[in-house]
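Worksheet: the structure to be examined is printed underneath.
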Amino acid sequence: MARFTTLYSGSSGNSAMVEENGSFLLIDMGRSCRMTINALKSLGLAPENLCGVLVTHEHSDHISGLCVFLKKYAVPVYASAATLEYLLAHGLVPENTQLMDIDGITQNIGGFEVQSFETSHDSLACRGYRITTPQGKVVSIATDLGFVSDEVLANLLLSDVVGLESNYDPGMLMSGTYPYYLKMRIASANGHLSNEECAATIVTLAQNGCRHFALCHISKENNTPELALEHVRAAMDEAGFSEDAQYTLQAAMRSDVSPVIEF
């Protein structure tokens with residue numbers, strides 16, 4: 001049995017976990033080392049069993065806790081070459097950290113087979129990840145993307161679990177207090193994914209066999225978990241899918257560990 005959950009998810013910080021038989025990977029570490037360790041302990045996981053950290057990109061809500069954690073636990077960090085160079089050049093990881101360029105290969109990390117794929121975001125080289133556990137289960141995660149490209153969709157298809165961004169509600173974004181330039185950035189092809197785009201993608205994934213979904217990186221200012229869930233449920237109902245009987249759905253929690261998905 002494999003497990004997936006988010007330790008925390010949102011604009012204030014992001015981290016997700018994939019585990020099987022006690023060994024696990026983390027995707028990002030965007031809040032404090034202490035908060036991350038406490039979250040792992042609540043899941044019965046020891047940091048000593050962490051096989052590696054996959055970094056999506058260099059924005060602070062994805063890496064702010066990483067340096068302190070790595071000083072305590074010297075695990076490898078995997079990301080695109082541009083992201084790794086940035087982390088090292090800006091002192092965001094200790095100098096002796098094992099930095100591994102993950103692009104273009106299938107990387108074996110503690111028995112997990114990991115592939116990266118490009119996502120469209122206003123960062124150096126943002127990546128999503130497709131992770132196959134030692135027992136052959138597949139988790140794919142894509143956050144911080146302005147749209148779902150063919151490459152992203154191909155890597156999400158046929159996964160057992162998908163963690164997908166459902167960042168903003170267009171109406172809330174445009175009527176909210178953000179300055180115009182920031183609204184345009186979020187809604188751009190290099191920004192974030194809307195509830196509608198997320199819902200349409202999940203329907204396509206369900207039509208191709210995926211059954212477990214976590215809505216991630218939900219904006220505090222421009223969305224609500226209820227709205228994000230409502231959009232997906234409406235789209236899935238229209239496509240003829242029955243929740244619980246045919247799929248499971250949850251909205252990742254902003255500051256707490258979300259319910260574990262076992263698969």
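Computed over heavy atoms, backbone and side chain alike; hydrogens, waters and symmetry mates excluded. No experiment lies behind these values; they were computed from the predicted model shown.
Ion pair Arg3/Glu19 flagged as a salt bridge, since at least one NZ, NE, NH1 or NH2 atom sits closer than 4.0 Å to an Asp/Glu carboxylate oxygen. The existence of a salt bridge linking Glu243 and Arg233 is confirmed by a sub-4.0 Å separation between a basic side-chain nitrogen and an acidic carboxylate oxygen. The residues Asp160 and Arg211 are annotated as not salt-bridged, no charged nitrogen and carboxylate oxygen being separated by less than 4.0 angstrom.
Between His62 and His217, a ring centre-to-centre spacing shorter than 6.0 Å is recorded.
Between Tyr73 and Phe69, the ring planes lie tilted relative to each other; the angle falls in the 30° to 60° range.
Judged by distance alone, the side chain of Ser140 and the main-chain N or O of Asn155 form a donor-acceptor pair under 3.5 Å. Ser64 places no side-chain N or O within 3.5 Å of a backbone atom of Asp61 that could act as its donor or acceptor partner. A donor-acceptor contact shorter than 3.5 Å is absent between the side chain of Thr6 and the backbone of Ser9.
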> Can Ser159 and Val138 be said to form a side-chain contact (heavy atoms from CB on, under 4.5 Å), step by step?
Replying inline: CA-CA 5 Å; Ser159 301; Val138 179; 3.7 Å; yes
>> Is there a side-chain contact (heavy atoms from CB on, under 4.5 Å) between Val18 and Phe112? Walk through the geometry before answering.
In response: CA-CA 9 Å; Val18 180; Phe112 296 88; 4.1 Å; yes
> Going through the checks in order, is the side-chain contact (heavy atoms from CB on, under 4.5 Å) test met by Asp122 and Arg185?
Replying inline: CA-CA 9 Å; Asp122 57 354; Arg185 174 204 165 231; 2.4 Å; yes
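For Glu238, the CD atom sits in a loose shell: 12 or fewer heavy atoms of surrounding residues, nucleotides or ligands are nearer than 6.0 Å. Within 6.0 Å of the NZ atom in Lys183, the count of heavy atoms belonging to other residues, nucleotides or ligands exceeds 12.
A side-chain donor-acceptor contact under 3.5 Å links Glu197 and Ser194. Side-chain polar atoms of Asp169 and Asn223 form no donor-acceptor pair below 3.5 angstrom.
Between Thr5 and the options Val161, Leu43, Ile261, a side chain to side chain contact (heavy atoms under 4.5 Å, CB included) holds for only Leu43.
For the pair Met29 and Tyr8, the minimum side-chain heavy-atom distance is below 4.5 Å.
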